[in-house]
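As a basis for the values below, the full set of heavy atoms in this structure was taken, side chains included, without hydrogen atoms, waters or symmetry mates. Computed from a predicted model, the values in this text were never measured in an experiment.
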Amino acid sequence: SSLDRAIASVGPRSAFIPHCCCRFRGAATMAENLNPVLGSLIKDPKATEDYGKDTEELLVRVDTMRQAGRIEEAVEEMLALEKKTRQASDGISTSKLLCKICQTYYDAGDWSKLKEHVVLLSKKRGQLKRATTDMVHLVMSWLEKLDKERKIEVIGTLNEVTEGKIFVEVEKARLTNMLAKIKEEEGKTEEAATLLQEVQVETFGAMERREKTEYILNQMRLVLAKKDFVRTQIISRKLNPKLLETEDFMDLKIQYYSYMVQYWLHEKKFLDVSKAYQSIFNTKCVQEDEAKWKEALTAHALYLTLAPYDNEQEDMLHKLDTLEAQKLDKVPVFQQVVKIFLRKEIAAWPLANEAEIKAHPAFQDKPHEGGEARWAMLKKRIVQHNIKVISEYYEQIHTKRLCELIGFGGKEGG
């Protein structure tokens, strides 16, 4: 067939830019592969006539006419037959003709005509969904080869074609992602985030789970980059944490909780930060790497000690001390910090091994700002712990004596 470059439907696990230039399959296969989850929403009317033979004959002639430089004449003939195939609901033939028209202009390097006909063909009365989808896939397959300016132009054309069409909502989302990536590369992070944050991929039944999760995580990353923490929380709720527990989602689970750490740190919810690190620590791939689990475990422990005292925090400290005793033995300095808050004993400040504890990323400004404030908070929690211990032994105590016991000087205690 002369339609070697014609487009085939893509599977949901394809990359953001589908590889579509290949031979057509049978009509039944194409119908099944066109966003099957959408069911009746994407079905075209049953064909009333088969123009397969006429289409094949015309496509052979088109190749000859194109070689002779008669491109416009060839396109006119294809448009005339396309009207018949469309009105007869012959999806396969219509799809071949639409893709061949686009391919003809692409091979000729006539981008103006290509963009014009992509829009024109998609807006034809009663245009078949299958034909529109295959045409979009074909044009998308060329995007990676284009320079930035041309790529933006073609993405704009495809966005116009896919706007409001549920059967190409996945393609629309991928196009938006491409445009956002370009904006981010230009340093326009806010524009990129604004573009991407409105895409409701969680409702796309036709998008594969992993791609959908990656898309939402990318939305989280961009809104965090522009410090829109309210929207970060809204977007984070689109993901079901249980989904992230499957083995093939481990890398995405770590990514998700890393973003949540940033969010909860901004909110100063240290207990939630600790829970996020606990989730990272409990991930299989982290457990298999000693350096990674030590990093996650120590962060989990330290942020847990920074959290305000309540029953949940105390319960988590006890569980950490008992359930992870063997692993805590390998990080004894941080194990001692945990035990300080579990013993009914007054803790001295400065802490033993203070330099090593303070060198932990939790008390540095990288990767997360506010290290000094968190170190001050640890001192505050130690003081609170000491007062709690003292309250169990004294009913009344002079302020001066209290300051002596908790290690405060007169001015600091006053």
Side-chain angles (χ1 to χ4, degrees), residues 202 210 213-321 323-324 327-328 331 334-335 337-338 341 357 360-371 373-375 377-378 381:
E202 68 276 11
R210 185 177 179 86
T213 305
E214 288 172 344
Y215 204 104
I216 293 171
L217 288 174
N218 198 30
Q219 290 177 320
M220 285 182 69
R221 180 183 65 82
L222 284 171
V223 295
L224 274 171
K226 73 169 189 174
K227 302 190 181 302
D228 186 345
F229 295 100
V230 173
R231 195 168 289 276
T232 298
Q233 185 187 31
I234 293 170
I235 294 173
S236 71
R237 289 174 177 171
K238 296 178 180 181
L239 286 176
N240 181 357
K242 290 181 180 178
L243 171 69
L244 301 172
E245 295 300 327
T246 57
E247 196 163 323
D248 56 329
F249 276 67
M250 287 190 295
D251 57 326
L252 302 183
K253 175 185 175 183
I254 293 170
Q255 194 178 340
Y256 169 75
Y257 283 109
S258 297
Y259 294 154
M260 292 310 297
V261 164
Q262 293 181 54
Y263 171 74
W264 291 123
L265 279 175
H266 175 265
E267 298 295 310
K268 293 184 171 54
K269 299 286 184 68
F270 294 122
L271 187 64
D272 290 302
V273 174
S274 175
K275 288 177 181 177
Y277 276 117
Q278 184 181 30
S279 296
I280 293 172
F281 170 73
N282 288 329
T283 306
K284 184 180 177 183
C285 64
V286 173
Q287 290 283 321
E288 293 169 351
D289 186 324
E290 184 170 323
K292 289 182 179 178
W293 69 249
K294 280 184 176 180
E295 181 185 347
L297 179 63
T298 54
H300 167 48
L302 290 177
Y303 281 109
L304 190 54
T305 62
L306 292 178
Y309 171 80
D310 62 17
N311 291 338
E312 183 181 13
Q313 186 255 11
E314 186 178 37
D315 183 54
M316 286 179 69
L317 278 171
H318 280 289
K319 284 181 178 178
L320 175 62
D321 186 49
L323 299 179
E324 302 300 340
K327 283 188 165 65
L328 281 172
V331 284
F334 300 96
Q335 184 180 42
V337 176
V338 172
F341 288 87
I357 297 168
H360 191 278
F363 302 117
Q364 302 297 312
D365 285 329
K366 288 183 179 181
H368 307 298
E369 294 179 357
R374 290 190 288 274
W375 182 252
M377 178 60 72
L378 179 62
R381 296 300 182 215

Out of curiosity, Glu247 CD to Lys284 NZ, how far, rounded to the nearest 0.5 Å?
4.0 Å

Electrostatic pair Arg231:Asp228 at N-O distance under 4.0 angstrom
yes

Enclosure of Asn240 CG (heavy-atom neighbours >12, cutoff 6.0 Å):
yes

Step by step, work out the salt bridge (Lys or Arg N to Asp or Glu O under 4.0 Å) result for Asp248 and Lys253.
CA-CA 10 Å; Asp248 56 329; Lys253 175 185 175 183; over 6 Å; no

Sidechain N-carboxylate O distance under 4.0 Å for Lys275, Glu312
yes

Would you sort out whether Leu239 and Leu217 count as a side-chain contact (heavy atoms from CB on, under 4.5 Å), showing the intermediate values?
CA-CA 9 Å; Leu239 286 176; Leu217 288 174; 3.9 Å; yes

Where at least one partner belongs to residues 273-294, residue pairs that pass ring pair (Phe, Tyr, Trp, His ring centres under 6.0 Å), sequence neighbours excluded
Tyr277-Tyr303

Is there a side-chain contact (heavy atoms from CB on, under 4.5 Å) between Leu306 and Ser274 once you walk through the steps?
CA-CA 9 Å; Leu306 292 178; Ser274 175; over 6 Å; no

Measure from the side-chain N and O atoms of Gln313 to the backbone N and O of Leu304, and report whether any donor-acceptor pair falls under 3.5 Å.
yes

Take Leu328 and Val331, measure what side-chain contact (heavy atoms from CB on, under 4.5 Å) needs, and give me the verdict at the end.
CA-CA 5 Å; Leu328 281 172; Val331 284; 4.2 Å; yes

Heavy-atom neighbours of Glu314 CD exceed 12 at 6.0 Å
yes

Closer than 3.5 angstrom, by distance alone: can the side chain of Asp315 be matched with the main-chain N or O of Asn311 as a donor-acceptor pair?
no

side-chain contact (heavy atoms from CB on, under 4.5 Å) involving Ile234 - partner list, sequence neighbours excluded
Val230

List the atom of Ser236, the atom of Met260, and the distance in Å for their closest heavy-atom pair.
CB-SD, 3.6 Å

Can you name the nearest heavy-atom pair linking Gln364 to His360, along with the distance?
CG-O, 3.4 Å

So Pro361 and Thr298, do their side chains get closer than 4.5 Å, heavy atoms only?
no

With sequence neighbours excluded, residues passing ring pair (Phe, Tyr, Trp, His ring centres under 6.0 Å) with Phe229:
His266

Within this structure, what is the CD-CG distance for the pair Gln278 and Asp272, rounded to the nearest 0.5 Å?
11.5 Å

About how many Å separate CG of Asp251 and CD of Glu214, when rounded to the nearest 0.5 Å?
7.5 Å

For Phe341, ring pair (Phe, Tyr, Trp, His ring centres under 6.0 Å) partners two or more places apart:
His385

Can you check side-chain contact (heavy atoms from CB on, under 4.5 Å) on Tyr263 and Met220, steps first, answer last?
CA-CA 10 Å; Tyr263 171 74; Met220 285 182 69; over 6 Å; no

Going by heavy atoms in the side chains, are Gln262 and Pro367 under 4.5 Å from each other?
no

Atom CD of residue position Glu295 - does it have more than 12 heavy atoms of other residues, nucleotides or ligands inside 6.0 Å?
no

Count the heavy atoms belonging to other residues, nucleotides or ligands that lie under 6.0 Å from NZ of Lys269, then report whether that count exceeds 12.
no

Are Leu320 and Leu297 packed together at the side-chain level, in the sense that at least one heavy-atom pair is separated by less than 4.5 angstrom?
yes

For Arg381 and Thr305, which heavy atoms make the closest approach, and how far apart are they?
CG-O, 3.4 Å

Suppose we screen for ring pair (Phe, Tyr, Trp, His ring centres under 6.0 Å). Which residues come up paired with Trp375, at least two apart in sequence or across chains?
Trp349, Phe363

So, are Asp365 and Arg374 salt-bridged, with charged N and O less than 4.0 Å apart?
no

Exercise: identify the closest heavy-atom pair between Phe334 and Ile357:
CE2-CA, 4.3 Å

Hey, could you give me the OG1/CZ distance between Thr232 and Arg221, rounded to the nearest 0.5 Å?
12.0 Å

Value for OG1 (Thr283) from CG (Leu252), rounded to nearest 0.5 Å, stands at 11.0 Å

Measure the spacing between CD1 of Ile254 and SG of Cys285 and express it to the nearest 0.5 Å.
3.5 Å

Check whether any side-chain heavy atom of Ile280 sits under 4.5 Å from a side-chain heavy atom of Ser258, and report yes or no.
yes

Donor + acceptor pair across side chains of Tyr259, Gln255 (<3.5 Å)
yes

Sequence neighbours left out, what passes salt bridge (charged side-chain N to carboxylate O under 4.0 Å, His left out) with Lys327? Give chain and number order.
none

